[in-house]
Structure formats: structure tokens, C-alpha cells
Amino acid sequence: MNDRIAIVGAGPVGLVLALRLATSGIPSVVLEAEADISEALRASTFHPPSLDMLDELGLARPLIAQGLVTPTWQIRRHADGARAVFDLSVLKDDTAHPYRLQAEQWKLSRLILAKLAAEHAGAVEIRFGCKVEGVAQDGDGVTLTGTGFDPLRVPYAVGCDGARSAVRQAMGIDFPGDTYPETTILATTTFPFHEAFEGLSNVNYIWTEHAAFSGTFSLLRVPGKWRASLYPAPGETIEQALEPGAIQRKLQAIHPKDGAYDVPDLRPYRIHQRIVETYRVGRLLLAGDAAHLNSPSGGMGMNGGIHDAMELAATLLPVLRGEAPESLLDRYTRRRQPIAKREIIAQADRNRARMRETDPAKRAALLADLQAVAGDPARARDHLLKSSMIAGLRAAAAVE
């Protein structure tokens, strides 16, 4: 029996878990199927409580140095620039980081790898090119088998291995939910949209009536680039929408300019909302996308996974030290699953539905209501406590 906890998946969730356990003297082995940290287009928004947690691990400051501090975000009408701007400074008494940070998730992963190598080389073993294919548990431990490593016997295994989690499959539990009908196309460009539009934030969810879109797009800024989330126009297939000419038409519809837009990165993806009923079966546990999937509208997916990792580490520690019975691990589900269902999946679904609204009169009413909320400090704080995931974490902490 290896005394290390097995963590399947070396994304930000698995690596945060490994680092948090290591800071308390709990060793782990991280198995990652890919040959290195993926730098594909994935999450790029860190919410205030996530930054507070990363600060506990000594990661917030170096991550902030590599990102864009974003004190406001907005919902905007493209035709005339009318907008509701939410200022996170109203959370100054609720968090040490009253802003969003725009930084690609791989930057956090790289920082964690460097910190593990420098400070916890003996406690955490990172194995790339190791694809877990078999997971079997009994009363004494878990046996992992797969490609790139010899069979591994460990006391507990945590699946941080995403939507197709091998650990979740071994748990024998369903992943109920559904898939949204539309396909999102994420395109990056170095064009400075912040110079083209007055009052643009680093995070913008935008209604449009232009025929090149199906009613909405978003613009999120990261260092050196803007990320545009685009959608096929009515009657346009995803294959047609991905053609270079179609991407150019959509970007030119956002802002007409001389010459073509540079588009260094392009990624189509489908959006799911799914969640398991339990995050634990025996000695197998789940965190992040292996347990829950949601619309990216609002940027809560990766953040929720980081919150999972921190809660799971706090729950595992007393069990592994013999200070609490194994049944304490069930508290992890009680604290995280209802919050993910109510505060992450449902809230992201509402965000998506709002931006998919196409009726101009209903959009105008929604915008007026959002402007009223944003303009009232008390209502704005209440709204931002929820959208920044602070309210959900507070509710979870009260669960025994």
C-alpha cells in the first residue's frame, strides 16, 4: 500500500488539492494523462474568494502579477453601448480581493508545479503521461491501473479528471443533466477592443441584433489578448461558423476595421449542465468537472472546482490523521453538492438564459433592472456576493 493519496488529473483543481494536502504533511501522487500542463483555451476568470484561498497557499500574489485585475464587469447592449456595470469594490469588507482576476488557468497550474518542486518535492509526485483506465476499490484501499504507470495501490483516490472521469465511472454513479443546443466558438485576437469601445470592462456580456450572431456574444480580456465567445448565426451550421470567413464576419460585426483580425486561437465547444448526487463512494471522491458541469456564463466552473479542492482537503486531513471517523467524508458532499447545484449550475443557467433573450423590449427591461441593481450599493453587494460565489461558500460552511 502506497501511503500517498492518488489525485487523478493535473488541472488546477487536482494541483490545488495536492498543494493544500502537502502544506499539512499529507503526501499525494498526481496522475495526468497528458504529457504536460494543457494551455488550451479554458477558464480565465478567478473570483474574489478563490483569490482569498490561493492567498492562503502563497499563490495569489504571483498569479495577480500574471493577470489583469478587473474591478468591474458589465452587461452591455451593443447597438448603443448602454450597460449595467457591477463594481466589485462594494465587497471590500467581504474579501481581501474585491475584484476578478483575468488570467488563463494554466498560469495557476504552472505556479503550483513550481511551488511543489521548490517546497514539497518529497510530498507530491507528479506523473505526466499516465492515463488512469481502471479503478477498483475494496475496504482497505484503491487500485489504479492504466497506461504509463505500474498498478498503484493507495488508501484514497480523488477524481479531478474532468467530464469523462474514470474515477466517477468506477463509482458507478450517474452524471445526470443535459446539454445546451448551441455550440460556442471561442476565438482570441490581439485587437484592442478596449480602445474601440468607450467604457468597456475586462469582462463583458453583450446583447446584439446583428445578423452575424444569434443574439449575444461576450468579450473577456486576458493579458495581451481578447477572448470573444461567438455563436453560429441562425441557419448557420457549426462547420460554416468555423470557416475563417465566418469568424472574420463575426469579429467585423463587433467592430469593423481595415484588414483581417488576427485569430491565433479557435475552439468550439458544447456546454453541459450536469451534477452527481454524491461526491463520495467509499474511498473514491470527486472534485471539479468530474462532479459538476455548468455554463461558463459567470465564470464559476473552475472556481467551484478550486473550492471543492480546498473543502475536500480540509475534510480529508482529520480523517487521515485519525482524528475523525471516515464518515466525516460524507460532509464533503453535504457542503459542496447542494451549493454547486443551487449556486453554480442554476445561477450559470440563469446567466445564460438572460443573455439568450432576443426580444428587444424584454432586453430593455432586463437592462433597466440590472442598472437599478448595480446603482444601489446594498442591492449590488447582495448580487455580487452571489455572483462572486461568496454567499454560496458561507452557506456551505454552515453545513455540518
Side-chain angles (χ1 to χ4, degrees), residues 7 12-14 16-17 19-21 23-24 43 45-57 59-60 88 91 93-98 100 156 158-160 168 171 173 175-177 273-281 284-296 298-320 323-351 381-400:
I7 299 170
V13 177
V16 165
L17 177 60
L19 178 58
R20 179 65 188 88
L21 290 173
T23 61
S24 297
T45 294
F46 291 86
H47 284 296
S50 303
L51 295 172
D52 292 344
M53 293 176 185
L54 294 175
D55 206 18
E56 297 175 25
L57 300 173
L59 293 167
L88 284 90
L91 301 179
D93 295 328
D94 300 286
T95 172
H97 302 86
R100 290 185 179 188
Y156 293 94
V158 182
C160 303
R168 187 186 65 246
M171 292 165 72
I173 55 178
F175 201 22
Q273 54 173 6
R274 301 182 183 277
I275 188 168
V276 296
E277 288 301 315
T278 179
Y279 287 18
R280 178 209 173 202
V281 174
L284 302 177
L285 302 109
L286 300 174
D289 286 354
H292 49 83
L293 297 171
N294 57 273
S295 165
M300 293 183 284
M302 174 194 62
N303 288 270
I306 290 172
H307 304 172
D308 289 345
M310 294 295 282
E311 178 66 36
L312 178 53
T315 310
L316 271 169
L317 289 172
V319 174
L320 296 172
E323 299 167 359
E326 190 176 72
S327 59
L328 180 67
L329 295 177
D330 291 327
R331 189 185 69 183
Y332 171 55
T333 292
R334 294 196 298 272
R335 286 188 169 181
R336 293 303 304 158
Q337 196 271 357
I339 296 303
K341 196 169 188 178
R342 182 177 70 245
E343 302 288 342
I344 298 178
I345 292 176
Q347 189 172 178
D349 185 59
R350 290 193 297 271
N351 292 341
R381 176 176 175 271
D382 182 67
H383 182 86
L384 290 168
L385 284 172
K386 295 173 183 175
S387 63
S388 297
M389 309 180 77
I390 295 172
L393 285 165
R394 289 176 177 175
V399 175
E400 292 299 329

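Rounding to the nearest 0.5 Å gives a distance of 8.0 Å between CD of Q337 and CD1 of I345. One distance of note links NE2 of H97 with CG of L91; it measures 13.0 Å at 0.5 Å rounding. The CG atom of D330 sits 6.5 Å away from atom OG1 of T278, with the distance rounded to the nearest 0.5 Å. With values rounded to the nearest 0.5 angstrom, L19 atom CG is found 8.5 Å from M310 atom CE. With rounding to the nearest 0.5 angstrom, the CE atom of M53 is 13.0 Å from the CG atom of L59. Expressed to the nearest 0.5 Å, how far CG of D308 lies from CZ of R336 amounts to 4.5 Å.
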When you look at L88 and T95, which way does the side-chain contact (heavy atoms from CB on, under 4.5 Å) test go after all the steps? CA-CA 10 Å; L88 284 90; T95 172; over 6 Å; no
Take V16 and L54 through the side-chain contact (heavy atoms from CB on, under 4.5 Å) test and state the conclusion after the steps. CA-CA 8 Å; V16 165; L54 294 175; 4.2 Å; yes
Please determine whether side-chain contact (heavy atoms from CB on, under 4.5 Å) holds for the pair K341 and E277, giving the CA-CA distance in whole Å, both sets of side-chain angles, and the decisive distance to 0.1 Å. CA-CA 10 Å; K341 196 169 188 178; E277 288 301 315; 4.0 Å; yes
Give the intermediate values and the outcome of side-chain contact (heavy atoms from CB on, under 4.5 Å) for residues M300 and N351. CA-CA 11 Å; M300 293 183 284; N351 292 341; 4.2 Å; yes
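Residue pairs meeting the ring pair (Phe, Tyr, Trp, His ring centres under 6.0 Å) criterion with at least one partner in residues 299-318, sequence neighbours excluded, are absent.
Here D55 pairs with nothing under the salt bridge (charged side-chain N to carboxylate O under 4.0 Å, His left out) rule; sequence neighbours left out. With sequence neighbours excluded, the residues satisfying side chain to side chain donor-acceptor pair (under 3.5 Å) with R335 are E311. For A340, the side chain to side chain contact (heavy atoms under 4.5 Å, CB included) partners are I275, Y279, H292, I344, not counting sequence neighbours. Checked against side chain to side chain donor-acceptor pair (under 3.5 Å), Y332 has no partners two or more places apart in sequence or in another chain.
Here the side chain of D349 pairs no donor or acceptor atom with the backbone of S295 at under 3.5 angstrom. Judged by distance alone, the side chain of R100 and the main-chain N or O of T45 form no donor-acceptor pair under 3.5 Å.
Contact between V13 and A287 at its shortest, heavy atoms only, is CG1-CB, 3.9 Å. The two atoms that bring C160 and L17 nearest to each other are SG-CD2, 4.4 Å, heavy atoms only. Taking every heavy atom of both residues into account, M171 and V281 meet most closely at CE-N, 3.5 Å. Residues S50 and N303 approach most closely at OG-OD1, 2.6 Å, considering heavy atoms.
Of the residues listed (L329, I7, L284), the one engaging Y156 in a side-chain contact (heavy atoms from CB on, under 4.5 Å) is L329, and it is the only one.
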Which atom pairs, donor and acceptor, lie under 3.5 Å between side-chain atoms of residues 383-400 and protein residues at least two apart or in another chain?
from : atom 1 : to   : atom 2 : distance (Å)
S387 : OG     : H383 : O      : 3.2
S388 : OG     : L384 : O      : 3.0
R394 : NH2    : D94  : OD1    : 2.9

